[in-house]
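Comments concern the structure below.
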Amino acid sequence: MKFIPYGKQTIDKNDIDIVIQTLKSDFLTTGLKVNEFEQKIYKKTNAKYCVSVANGTAALHLSAITLLNKNDKVLTTPNSFLATSNAILYANAIPIFVDICSDGSIDLDICEEYLKNDSSIKAIFAVSFSGKILDQEKLKYLKYKYNIKILEDNAHTMGVKLTHSDISIFSFHPVKHITTAEGGAIVTNDEELYKKIKSFRNHGQDDKHNMTMLGFNYRLSDINCALGISQISRLDEFIIKRQFIAKKYNKAFDNHDIIKPLYPYTNCSYYHLFVIRIDFSKINFTKEQLIDKLRKNNIGVQVHYKAINQQEYYKSIGYGNEQTPIMNQYVEQCISLPIYPLLKNEEQDYVINTLKGILND
Ligand SMILES: Cc1ncc(COP(=O)(O)O)c(C=O)c1O
């Protein structure tokens, strides 16, 4: 079996054609493809505004400096890619790492405990981990009851509707639901936020090219946007394919003694990742050894994620002693299996059988 990665892009002829057409056009950047892609994103997400940017990290950066002030406290999750909380640091604000629920997402009940006891908390940066849509009602309740800002990092949930949160961001890295190679987007219903983010993307200039604040060049090119336009037309199909794969994994591990899917199958998940928990107390090798055995069998499993607050840099600035028992247990057990639209049936069978075989040895 040739190497099976945990995630990869799905590129077809339409994608290639539209990129070539754009390369032959007059505008490689700041042209019509950018507006067209942004329009498709805000329509898809029921939002009023969209700003495309160079990558998901840039989307988080611009959102953070727009929503936050220096020294604002922000509740966030240890179970994410580094960029989620790094963005809080870019804004000179203070991340507070909250424990997760059993489904891998931030525990919003614990967030409420923090909010009750500390009125200086200004925002929550939450992640729809693995593709499972965050509890929108609870986010809305927290936003209005405690008068805080909510940013949803929807890098794992491309296309999810914006309801009450201030900002939702997406990433178009190749392992995500749709790709522009590198790319990201911010959606919001707030015109002021939109204008400010748009200006930050372009050196802090307004529409008349007056520079009113210190900004960046975080623009996404027309070449990337052209690919995005083609990809977004197949987003629903990609999500359905991922859900189909997830269903099959769930069935394969039903009542398994050692392997448990992170949560039961739900179509409220877009399944960017398919995470399983392994009960290592029942086997005589470690997580690292299991990963190594799978990779030797050409199965590219991954770990999502090592706790951000336990990263060397975060420890060097005072983090690492948070009370996060659920996250700690999760980190010991979690492994992400291959999931992407082009994963073939027989490849998935191979992953399932190889994993079960290793665990039964
Ligand atoms: C949850 C989450 N947030 C943010 C990012 C950053 O996106 P990008 O790689 O496009 O900068 C990622 C990408 O891996 C992610 O998974």
Side-chain angles (χ1 to χ4, degrees), residues 5-9 37 41 45 50-65 67 74-91 95 97-98 100-101 103-106 123-134 150-160 165 167-187 197 200-201 216-221 224-225 227-228 231-232 238 242 262 269-275 300 302-309 311 314 327 330-331 334 336 339-340:
Y6 88 91
K8 87 170 177 206
Q9 68 275 16
F37 186 40
I41 296 169
T45 56
C50 172
V51 183
S52 62
V53 285
N55 50 61
T57 306
L60 285 164
H61 182 188
L62 297 190
S63 302
I65 59 176
L67 286 177
V74 183
L75 302 177
T76 192
T77 173
N79 193 25
S80 184
F81 184 60
L82 305 163
T84 313
S85 59
N86 285 356
I88 301 168
L89 296 179
Y90 298 158
F97 292 97
V98 175
I100 58 170
C101 301
D103 66 4
S105 285
I106 191 167
I124 300 178
F125 276 29
V127 178
S128 50
F129 177 76
S130 79
K132 190 156 178 268
I133 301 169
L134 289 160
I150 306 275
L151 175 139
E152 287 183 41
D153 179 339
N154 282 316
H156 298 186
T157 335
M158 173 52 200
V160 70
S165 298
I167 282 180
S168 157
I169 73 97
F170 303 109
S171 159
F172 310 128
H173 180 276
V175 295
K176 301 296 193 300
H177 294 86
I178 66 166
T179 190
T180 58
E182 294 281 359
I186 299 151
V187 294
I197 289 168
F200 269 135
R201 175 181 67 175
F216 308 86
N217 174 1
Y218 277 168
R219 296 186 303 263
L220 190 63
S221 82
N224 300 100
C225 288
L227 180 54
Q231 288 263 305
I232 202 171
F238 292 158
R242 286 172 177 274
L262 185 58
S269 178
Y270 291 7
Y271 288 102
H272 163 53
L273 302 173
F274 191 87
V275 180
Q302 274 289 354
V303 172
H304 298 96
Y305 290 96
K306 181 178 168 183
I308 301 178
N309 54 320
Q311 293 279 353
Y314 277 85
M327 180 67 192
Y330 169 86
V331 169
C334 73
S336 304
I339 188 163
Y340 47 90

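Remember, it's 1-based here, ligands and their atoms both numbered in the order they're listed. What you see is a predicted model; the values in this text were computed from it and never measured.
Rounding to the nearest 0.5 Å gives a distance of 8.0 Å between OG of Ser80 and CG of Leu60. Taking CD from Gln231 and CD from Gln9, the interatomic distance works out to 8.5 Å, rounded to the nearest 0.5 Å. Distance CG/Leu67 to CD1/Ile167: 4.0 Å, rounded to 0.5 Å. One distance of note links CZ of Phe125 with OG of Ser63; it measures 6.5 Å at 0.5 Å rounding.
The closest side-chain donor-acceptor pair between Tyr270 and Ser128, if any, does not fall under 3.5 angstrom. Side chains of Tyr314 and Asn86: a donor-acceptor N/O pair is present below 3.5 angstrom, by distance only.
Near Tyr305, meaning under 4.0 Å from any of its heavy atoms, are these atoms of ligand 1: 16 (O). Applying the 4.0 Å criterion to heavy atoms of Ser171 picks out, from ligand 1, the atoms 7 (O), 8 (P), 10 (O). Heavy-atom proximity to Ala155, at under 4.0 Å, picks out these atoms of ligand 1: 1 (C), 2 (C), 3 (N), 15 (C). Of all atoms in ligand 1, numbered sequentially from 1 with element shown, those under 4.0 Å from a heavy atom of Leu60 are 4 (C).
Between the side chain of Asn154 and the backbone N or O of Ser168 there is no donor-acceptor pair closer than 3.5 Å.
At a heavy-atom distance under 4.0 Å, only side-chain atoms of Asp153, from C-beta outward, approach ligand 1.
Among protein heavy atoms, the minimum distance from atom 16 (O) of ligand 1 is reached at His156 NE2, 3.0 Å. For atom 5 (C) of ligand 1, the closest heavy atom belonging to the protein is Phe81 CD2, 3.7 Å.
Considering backbone and side-chain atoms together, Gly56 places an N or O closer than 3.5 Å to an N or O of ligand 1. The shortest N/O to N/O separation between Ser80 and ligand 1 does not fall below 3.5 Å. Ligand 1 has no N or O atom lying under 3.5 Å from any N or O atom of Glu182, backbone or side chain.
Taking the six-membered ring for Trp and thresholds of 30 and 60 degrees, Phe129 and His156 have ring planes inclined between 30 and 60 degrees apart.
Residues passing the ring pair (Phe, Tyr, Trp, His ring centres under 6.0 Å) test with Tyr218, sequence neighbours excluded: His61, Phe216.
Within the structure, the closest approach of Lys176 to ligand 1 falls below 4.0 Å when heavy atoms are considered. Distances shorter than 4.0 angstrom do not occur between any heavy atom of Phe125 and any atom of ligand 1.
Nearest to atom 6 (C) of ligand 1 by heavy-atom distance, out of Asn154, Thr57, Thr180, Val53, is Thr57.
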